[in-house]
Amino acid sequence: MKETFYITTPIYYPSNKLHLGNSYTTIVCDALARFNRKLGKDVMYLTGTDEHGQKISLAAEKAGKTEKEYLDEMVADTKSLWQLLNISYDKFIRTTDPYHEKAVQKIFTELYNKGYIYKGSYKGWYCTPCESFWTESQLVDGKCPDCGREVKFQEEEAYFFKLSEFSDKLLKLYEEHPEFLLPKSRVNEMVNNFIKPGLTDLCVSRTSVKWGVPVEFDPKHTIYVWIDALPNYITALGYGSEDDSLFKKFWPADVHVIGKEIVRFHAIIWPAILMALGLELPHRVFGHGWLMFGGDKLSKSKENSKVECIDPRVLVPLYSADAIRYFLYREIPFGSDGNYSTEAFLNRFNSDLSNNYGNLVSRTFSMVKKYFNSVIPEGSALTDPDDIALKEVVDREVKNTLTYMDELDVTKAVTAVFNIFTEANTYIQKVQPWAVAKQEDGQARLKTILRNLLEVIRIGSELFEPFTPTKSRQVLDALGITDKVFKNLDNFAGLTAGQELKPLDILFPRLDVNAELEKLGQITK
Ligand code: ME8
């Protein structure tokens, strides 16, 4: 049986406007999913929407719609953005899907029957936009520590999950499985900020929130956000339904990719729920950093995401989804925070995509056209020191890319791919094919040089395709490569000699940075 790879994004709040910042998680997961498909794995890439809670009711009311009408529109909008960004998810779960609601009820009842959920009463400071209860000491200047807004003191009858029983088990988990929570710095955060001070039981139901899944055995309570949201990763696979074949096939997840502010839920609450249910734990949880804009997080609550120049719906039609995707992979060191600036984006577009990758492809294709009528030349054994050196760099960077992708480091991986393109450009300068073409007995050497270059473009484009799926596929098509999985990454013998290159448009036409800044300035006025 094929090896499987199960990767998830968080389920998104449909009431948040989607911008480049929150799209980041999904864009990163897409490269990982595509890469693993190309490794020949059976991939399940899950994303979806987190549709319950008071915030949704309030937003629907404000829009003069029912919750269902409001959510359907927001979900359609989310899906269309994922399409625009070329997101290849395999399944989209909505927490209002009836199969999910039923399974969540079952999970809640099972946890209750096993003694992990009990009835009590909740007192605390509640932030409506964040749907979070805070203790007095967590408040910052009496306000919500996440979004800085007003909080309300609330008390109500509620069910609790015995999270406090899991401290030791969680510490053991982090110790025995250092790969469970990545990057490693997040482990200290969990231990020092949450587990050492003592985990408190978690409020998992509400009587005041109507828009939620009712507790099966006590329907005046609705199941509060985390017990509804987190299990999406298993209900999407049919856990708790009649057909759990996907669950059997894909669970445990290879990785949950999430932003750093929700690590606590995924590295503490989620494994505790799974342990209580007696289920296996995900292999890895990766908490990535934030995309910052002028030093500020593009946040859900601060509403600073109205800036049009960071809206993918504006940027994609102008610069392509590939270019936006590439910028995020490359510029934000995966796991850390990183800045988005339009200028940095435009400069990278020119230096990396246009001058490096694009130029390599276009100058090689033109030389093959000029000297060999666009017919792929025969290769030969690599004996020239320049050729051997080129092959060594390609081999090293192929290995690096595979290793980094296995470690989920998309930034290092994409940098390794670029080292291949850079090396190929250096090779051209070194071997000067145009000079070789002028030599009387230069034909054989010229063939080898151009064949080497085409092979390097093939290997680089294969590795680059998960990041820039449209343009790299165009290059692979032009080279006559139809395979969906990686082949011949370790040799210069993947192309068919005698086959004609298909014509290829300029991949990333060079931009006039000042003119583009001016244009974007006009749009955002
Ligand atoms: O948190 N930079 O959903 P969400 C990087 N429903 N990532 C960002 C970001 C930024 N500026 N702003 C947001 C939720 N994100 C819950 C999850 S899972 C069971 C429930 C990321 O719509 C954020 O970190 O607020 C998260 O990974 C994703 O956008 C969706 O956030």
Side-chain angles (χ1 to χ4, degrees), residues 7-30 46-56 59 71 74-75 77-78 81-82 85 87 92-96 100 104 107 127 129-132 146-147 186 204 212 223-236 253 255-271 273-274 282 285-307 310-312 327-329 331-341 410-411:
I7 181 167
T8 68
T9 71
I11 39 173
Y12 281 69
Y13 288 125
S15 49
N16 290 343
K17 185 182 154 75
L18 286 171
H19 49 67
L20 216 50
N22 44 22
S23 303
Y24 177 68
T25 318
T26 302
I27 292 175
V28 166
C29 286
D30 194 62
L46 176 73
T47 188
T49 38
D50 191 351
E51 303 191 3
H52 291 121
Q54 199 159 345
K55 204 164 67 172
I56 298 293
L71 287 166
M74 299 310 274
V75 169
D77 188 52
T78 304
L81 182 65
W82 295 158
L85 287 165
I87 304 301
F92 191 104
I93 186 171
R94 298 180 58 174
T95 53
T96 52
H100 171 79
V104 161
I107 290 170
C127 173
C130 295
E131 299 191 24
S132 296
D146 254 9
C147 73
R186 309 254 181 251
V204 289
I223 296 170
Y224 173 62
V225 57
W226 296 108
I227 294 257
D228 170 26
L230 290 162
N232 90 85
Y233 302 128
I234 53 176
T235 64
V255 60
H256 295 310
V257 179
I258 51 166
K260 64 180 183 182
E261 81 283 15
I262 50 176
V263 166
R264 178 161 67 109
F265 307 115
H266 287 79
I268 293 180
I269 302 175
W270 182 222
I273 294 173
L274 288 166
V285 169
F286 194 104
H288 65 67
W290 285 340
L291 183 57
M292 317 285 274
F293 182 76
D296 210 2
K297 182 192 174 211
L298 295 179
S299 97
K300 45 189 168 200
S301 320
K302 283 186 194 145
E303 293 282 325
N304 63 353
S305 54
K306 290 192 187 113
V307 192
I310 48 158
D311 186 344
F327 179 78
L328 297 183
Y329 300 130
E331 190 82 9
I332 321 298
F334 193 51
S336 312
D337 293 347
N339 257 306
Y340 176 84
S341 97
V410 291
T411 307

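Counting starts at 1 for both ligands and their atoms, in listed order. Residue numbers run from 1 in the order of the sequence given.
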Answer yes or no: is there a side-chain heavy-atom contact under 4.5 Å between Trp82 and Asp30? no
Atoms in ligand 1 with a heavy atom of Gly289 nearer than 4.0 Å: 5 (C)
I need the single residue from Thr25, Leu230, Asn232, Thr26 that forms a side-chain contact (heavy atoms from CB on, under 4.5 Å) with Pro10. Which is it? Thr25
Can you tell which part of Phe265 has a heavy atom less than 4.0 Å from ligand 1: side chain, backbone, both or neither? neither
Heavy-atom side-chain proximity of Leu81 to Ser23 below 4.5 angstrom: yes
Is the backbone of Gly289 close enough, under 3.5 Å, to the side chain of Ser336 for a donor and an acceptor to pair up by distance? no
With heavy atoms under 4.0 Å as the rule, classify the contact between Thr25 and ligand 1 as side chain, backbone, both or neither. side chain
If you count the atoms of ligand 1 from 1 in the order shown, which ones are under 4.0 Å from a heavy atom of Tyr233? 18 (S), 19 (C)
Once you restrict to heavy atoms under 4.0 Å, what part of Lys260 touches ligand 1? Side chain, backbone, both or neither. neither
Check whether any side-chain heavy atom of Val285 sits under 4.5 Å from a side-chain heavy atom of Arg186, and report yes or no. no
Quick one: sort the His288 and Tyr24 rings into parallel, tilted or perpendicular, breaks at 30° and 60°. perpendicular
The atoms of ligand 1 lying under 4.0 Å from a heavy atom of Asn16, numbered in the order shown, are 4 (P), 22 (O), 25 (O)
Hey, can you tell me if Phe286 and Phe334 have their rings parallel, tilted or perpendicular (30° and 60° cut-offs)? parallel
So, regarding Leu291 and ligand 1 (criterion: nitrogen or oxygen to nitrogen or oxygen, under 3.5 Å), is there a contact or not? yes
Find all atoms of ligand 1 within a distance of less than 4.0 Å from any non-hydrogen atom belonging to Pro10, and give their numbers and elements. 17 (C), 18 (S), 26 (C), 27 (O)
For Glu261 and ligand 1, does the shortest N/O to N/O distance drop below 3.5 Å? yes
Do Thr95 and His100 have side-chain N/O donor and acceptor atoms under 3.5 Å apart? no
Any idea which atoms of ligand 1 are less than 4.0 Å away from a heavy-atom of His288? 5 (C), 7 (N)
Taking side chain as C-beta onward, heavy atoms only, is Leu274 less than 4.5 Å from Pro282? yes
Numbering as shown, the atoms of ligand 1 that approach His266 to under 4.0 Å (heavy-atom distance): 18 (S), 19 (C)
Do Gly259 and ligand 1 have an N or O pair less than 3.5 Å apart? yes
Gly21 N/O to ligand 1 N/O under 3.5 Å: yes
Below 4.0 angstrom from a heavy atom of Asp50, which ligand 1 atoms are there? Numbered from 1 as shown, please. 6 (N), 16 (C), 20 (C)
Report the part of Met292 (side chain from C-beta onward, or backbone N, CA, C, O) that has a heavy atom under 4.0 Å from ligand 1; answer both or neither where that applies. neither
In ligand 1, which numbered atoms sit nearer than 4.0 Å to a non-hydrogen atom of Ile262? 1 (O), 17 (C)
Does Asp311 reach the side chain of Lys17, with side-chain heavy atoms less than 4.5 Å apart? yes
Is any side-chain heavy atom of His19 closer than 4.5 Å to a side-chain heavy atom of Phe293? no
Purely on distance, is any nitrogen or oxygen of Ile11 under 3.5 Å from one on ligand 1? yes
